[in-house]
Number of protein chains: 2
Amino acid sequence: MAGKKVLIVDDDIKTVELVKLYLTRDGYQVLTAYDGIEALRLARESRPDLIVLDLMLPDIDGLEVCRILRHESDVPIIMLTARSTDQDKLTGLGLGADDYVTKPFSPKELAARVQAVLRRLPRERGPEEIKIGELSMNFTKHEAWFAGKLLDLTSVEFKLLGVLAREPGRVCSRTSLIEEALGYDFEGFDRTIDVHILNLRRKLELDPSHPRYIKTVYGVGYKFVGGE
Amino acid sequence: MAGKKVLIVDDDIKTVELVKLYLTRDGYQVLTAYDGIEALRLARESRPDLIVLDLMLPDIDGLEVCRILRHESDVPIIMLTARSTDQDKLTGLGLGADDYVTKPFSPKELAARVQAVLRRLPRERGPEEIKIGELSMNFTKHEAWFAGKLLDLTSVEFKLLGVLAREPGRVCSRTSLIEEALGYDFEGFDRTIDVHILNLRRKLELDPSHPRYIKTVYGVGYKFVGGE
DNA sequence: TATAATTTTTACAATTTATTAAGAAAAATC
DNA sequence: GATTTTTCTTAATAAATTGTAAAAATTATA
C-alpha cells in the first residue's frame with residue numbers, strides 16, 4: 001500500500017517540521033497547514049487519511065475545524081492540546097477526535113499514535129469499497145455508483161444504503177437501521193427511515209413503486225438485494 | 001416477558017442513578033454496585049442478564065472484574081471507558097466485552113445499546129439457517145425455500161413455520177405456538193393458529209387437505225415433519 | 001442574517017395482514 | 001349410528017403496516 005496521507009495542522013513551524021520528519025521517515029506522505037482555513041482547504045482537496053490538529057490556531061479555532069471536518073467525513077483526527085486538563089473539556093464536548101496528545105509531546109510518541117489510529121481503521125469500518133450487482137460504493141470517497149451513474153445522495157441516504165448494501169439480502173429492522181445509520185443517540189421516530197428509503201428508491205430504482213433493489217419485508221424491515 | 005435483570009457497576013452514584021432511571025423506565029430490573037467486590041458478589045448471586053461495567057473502580061479494576069466474570073459465565077458486558085483511546089487498549093486485550101461506551105455518554109444511548117446487545121443474543125444462540133428435507137429457512141434474510149422455490153410468506157407465517165421447523169417432529173400446542181410466534185402478549189383465540197396453519201399448508205403442501213409436512217396431532221397441536 | 005439544502009415530522013391514502021365468526025367436515029366417543 | 005369434540009375452510013371485518021406528499025424543523029452555506 002502506498003504511504004498514507006497525513007495532514008499536520010499547527011501554527012508553530014518547528015512543531016510541524018519535527019512531526020513531518022518523523023512521519024515521513026515512517027513512510028507517510030505529509031501535508032502541512034499553519035492555520036484553520038488552509039487546513040480545511042487541504043482536507044477537502046487532498047482527502048488525507050488522518051489529520052493531526054492543534055487546538056490553538058491563529059484564525060479558526062482547532063475545535064471549530066474539528067467540528068466542521070466531522071460533518072464532512074469520517075477522517076480520523078488526533079488533537080494536540082496544551083494541557084491535560086484541556087483534554088477532559090474536549091472529550092466532554094463530544095467532538096469525536098480519535099485521540100488526544102498533550103503538548104509537549106515526543107514526536108516518536110505521536111508517530112506511534114498515528115500508526116495506531118490508522119491501523120485500527122479497517123477493522124472498525126469494514127471494507128472501503130463494495131460491489132453488489134450494479135451498485136458500487138466507495139466509503140473513503142463517499143461515492144455510490146449505480147448502473148454506471150454517480151448517485152447524488154445525502155449523507156443519511158449514503159449511510160443507510162451502506163448499511164443495507166454491506167449485507168445484501170439481510171433484512172434490517174427500522175430500529176437497527178436507525179442504530180447503524182443514524183446512531184444510538186437518535187431520538188426520532190421509526191418512520192423517518194421510511195422517508196429516507198422512499199428518497200433512496202427514487203434515486204436508484206427505475207420504477208420506485210415497484211422496487212427491484214430495496215425491498216420491503218412487511219412487518220420486519222428493509223433489505224437490499226442484488227436485483228436478481 | 002418479565003423485565004430482564006441488568007447490573008450497573010460504577011463508583012459514581014450520580015451515574016448509577018441516572019442509568020438506573022432510564023433502564024427502569026425501559027422495563028428492566030436494575031441491580032447496582034459501587035465497587036468490584038460487590039459487583040462480583042451480585043453477579044454470582046443474582047445472575048443478571050447483562051452487566052454495565054465501569055473501567056475505573058475503587059477496589060478491583062473493572063478490567064479484572066471483567067476478566068473474572070468472563071471465566072465464570074457468558075453474561076454480556078458493556079464497558080464504560082473514559083476516553084475512546086482506552087477502547088482500543090481494551091479491545092486489544094481481547095476481554096470480550098460486548099460493547100464499549102465512552103464517557104460521557106447520554107443515558108438514552110446507553111439504554112439503546114443495552115437493548116441492542118440483549119436483542120441480538122437469542123439470534124446468536126439459534127442457527128440463522130436450518131434445513132429439514134426440502135425446506136430451508138434463512139432467518140437473517142427472512143426467506144423460506146421449499147422444493148427449490150421461494151415461499152411468499154407473511155411475517156406471522158414465517159415465524160410460525162420457524163418455530164415448527166426448528167424442532168422437527170416435536171408437537172407444538174396452539175398455546176406454545178402463540179407464545180413463540182405471536183408473542184406472550186397476544187390476547188386472541190387459539191383458532192387464529194388454525195387459520196395460519198391452513199394458509200401455510202396452502203403455500204407449501206402439494207395437497208393441502210392431506211398434508212405431508214405440517215401434521216395435525218388431534219387434540220394436541222401441530223408438528224412439522226421432514227416429509228418421510 | 002438570509003438562503004438553500006437536508007432531515008424529520010405529520011397526515012392521510014393505499015395496501016397487506018390478522019382475526020373473528022360460523023358452518024362444514026372429520027375424528028373420537030359412547 | 002348418533003353425539004360430541006375438534007379441526008378445516010371460507011369470507012367478512014378489523015387492525016396494522018407501509019407509501020407518499022407536503023409542511024415543519026433543523027442544519028449548512030453564502
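Chain naming here is simple, since letters A, B, ... match the order of the sequence lines and numbering starts at 1 in each.
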B:Ile78 side chain reached by B:Leu50 side chain, heavy atoms, under 4.5 Å: yes
Nearest-Å distance for atom pair CG/P, residues B:Leu160 and C:dT17: 15 Å
Nearest-angstrom distance from the residue atom CD of A:Glu205 to P of D:dG19: 12 Å
Touch class at under 4.0 angstrom, heavy-atom based, for B:Phe158 against every strand present: nothing
Distance below 4.0 Å between B:Arg201 side-chain N/O and D:dC8 OP1 or OP2: yes
Under 3.5 Å side-chain donor-acceptor pair for B:His210 and B:Asp207: yes
Donor-acceptor pair between A:Arg202 and A:Ser209 side chains, under 3.5 angstrom: no
Whichever of B:Gly219 and A:Val217 has its nearest DNA chain D nucleotide further upstream toward 5': B:Gly219
Under 4.0 angstrom between B:Thr216 side-chain N/O and D:dT6 OP1 or OP2: no
Whole angstrom value for the distance that separates C1' of D:dG19 from NE2 of A:His210: 12 Å
Within the sub-3.5 Å range, which N or O atoms of nucleotides 4-14 of chain C have a protein N or O partner, and how far apart are they?
{"unit_1": "C:dT7", "atom_1": "OP1", "unit_2": "A:Ser155", "atom_2": "OG", "d": "3.0"}
{"unit_1": "C:dT7", "atom_1": "OP1", "unit_2": "A:Val156", "atom_2": "N", "d": "3.2"}
{"unit_1": "C:dT7", "atom_1": "OP2", "unit_2": "A:Thr154", "atom_2": "OG1", "d": "2.3"}
{"unit_1": "C:dT8", "atom_1": "OP2", "unit_2": "A:His196", "atom_2": "NE2", "d": "2.8"}
{"unit_1": "C:dT9", "atom_1": "OP2", "unit_2": "A:Phe189", "atom_2": "N", "d": "3.0"}
{"unit_1": "C:dT9", "atom_1": "OP2", "unit_2": "A:Thr192", "atom_2": "OG1", "d": "2.9"}

Between C:dA22 (P) and B:Asp194 (CG): distance, integer Å: 16 Å
Between P of D:dA22 and CG of A:Leu198, the distance in whole Å: 12 Å
Where A:Lys131 and A:Ser136 come nearest, the two heavy atoms and their spacing: CG-CB, 3.5 Å
cation_pi(B:Arg25, B:Tyr22) dist<6.0 Å, angle<=45: yes
Lys/Arg cation over aromatic B:Tyr222: B:Arg201, 6.0 Å, 45° cone: no
Polar pair under 3.5 Å, donor/acceptor by atom type, side chain A:Tyr218, base D:dT18: no
Value in whole Å for how far the P atom of D:dT6 lies from CD1 of B:Ile197: 18 Å
Side-chain donor-acceptor pair present, B:Asp190, B:Thr192, cut-off under 3.5 Å: no
Phosphate contact (D:dG19 OP1 or OP2) by A:Arg202 side-chain N/O below 4.0 Å: no
Length of the line joining B:Arg174:CZ and D:dT5:C1', which is rounded to integer Å: 12 Å
